[in-house]
Structure formats: C-alpha cells, structure tokens
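Reckoned from all heavy atoms, side chains included, excluding hydrogens, waters and symmetry mates. Residue indices begin at 1 and follow the sequence shown. Model, not experiment: these values are computed from the prediction.
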Amino acid sequence: MATLAVVLAGCQGMGAKMARLDVGTGRDEVIDRLGRPDSDRTMVGYEVLSWIDRRPSRFSFSHQDYTVVLKDGKVTQFGPGLIRRDGKTSLQIETGDP
C-alpha cells in the first residue's frame, strides 16, 4: 500500500503539487513538496523559485512554467507563469492569459 502511495505521488503534475501550497509556507517545505527548482534567483529583494513541468504530447514535449515568490523565506505568491517586475519593488507572476 505504501509503495502505491509513493508511485501515485510521483505521478502528480506540478499543478497539483502547487495547489497544496499556501501563502506563508516556508522555503524548505516548498522544496520538500515540489522538489528542487530549475531556477533560483533574487529580484528586488524577493527570492524567485521556478520549475518547468515538461509533459510529452503527441508530437513533442510541451511545458508549463511554475513560479514561487518568497520574501524572508516565506511564500508570498505562487502559480503557473513567469515572473515580471511590477514597479520598482514588487513582482507579479504573469500567466500569459489575456
């Protein structure tokens, strides 16, 4: 039974894993839940962690970017999309949706 739970947890997409985060979650817990990020950088006083969720499609690999923004080691925002500066001292996750 435990083996099945581990296998099913490994099959979860990044979107399902992201849904388990909350604002205020600590950095270490984010990495425990989501795995090692593909990118880790600092922007205007925030730490920005990014993951690329690669999915095979019929003819190629598609991907979705996911971003977690932390301030003082705690999540301030998270979700699908890429980060952009929103003014001099703030950031916004941009999904690309109109």
Side-chain angles (χ1 to χ4, degrees):
M1 201 62 145
T3 304
L4 179 60
V6 170
V7 169
L8 290 176
C11 293
Q12 281 186 323
M14 185 60 70
K17 292 178 184 180
M18 277 273 171
R20 296 184 334 204
L21 293 181
D22 292 306
V23 170
T25 302
R27 183 185 193 282
D28 292 339
E29 190 173 342
V30 169
I31 293 173
D32 285 346
R33 289 182 183 184
L34 303 181
R36 193 171 178 189
D38 294 309
S39 171
D40 183 354
R41 64 191 183 277
T42 302
M43 293 177 70
V44 295
Y46 292 88
E47 182 177 13
V48 179
L49 306 177
S50 301
W51 289 262
I52 301 171
D53 190 21
R54 295 170 183 88
R55 303 243 172 190
S57 67
R58 187 172 198 155
F59 299 106
S60 66
F61 278 92
S62 62
H63 75 277
Q64 172 68 55
D65 296 300
Y66 289 90
T67 301
V68 175
V69 179
L70 302 115
K71 181 75 170 177
D72 301 323
K74 302 285 184 189
V75 173
T76 61
Q77 57 180 306
F78 60 94
L82 296 172
I83 200 71
R84 71 174 174 81
R85 282 182 77 165
D86 187 29
K88 289 184 178 182
T89 60
S90 62
L91 301 175
Q92 179 68 40
I93 296 174
E94 191 169 81
T95 63
D97 295 335

Give, for atom [atom1] of [X] and atom [atom2] of [Y], the distance between the pair rounded to the nearest 0.5 Å.
X   : Y   : atom1 : atom2 : result
Y66 : L82 : OH    : CG    : 12.0 Å
I83 : L49 : CD1   : CG    : 10.5 Å
R20 : E29 : CZ    : CD    : 9.5 Å
E94 : T67 : CD    : OG1   : 10.5 Å
R41 : E47 : CZ    : CD    : 10.5 Å

Side chains of [X] and [Y] in contact at under 4.5 Å (non-hydrogen atoms):
X   : Y   : answer
V75 : L70 : yes
V68 : M18 : yes
L91 : R85 : yes
M14 : L34 : yes

#### Entry: Salt-bridge present (R27, D40; N to O < 4.0 Å)
yes
Item to check | Flag if over 12 foreign heavy atoms under 6.0 Å of CZ, R84 | outcome: yes
Practice task
Please confirm whether the backbone N or O of V69 pairs with a side-chain atom of T76, one donor and one acceptor, at under 3.5 Å?
Solution key: yes
- Message: If we ignore hydrogens and angles and just use 3.5 Å, is the side chain of K17 paired with the main-chain N or O of R33 as donor and acceptor?
- Response: no
Between W51 and V30, the two heavy atoms sitting closest are CH2-CG1, 3.8 Å
Closest non-hydrogen contact found for P80 with Q64 is CB-NE2, 3.5 Å
_As a quick check of understanding, evaluate side chain to side chain contact (heavy atoms under 4.5 Å, CB included) for S50 and D38, giving each step before the final call._
CA-CA 6 Å; S50 301; D38 294 309; 5.7 Å; no
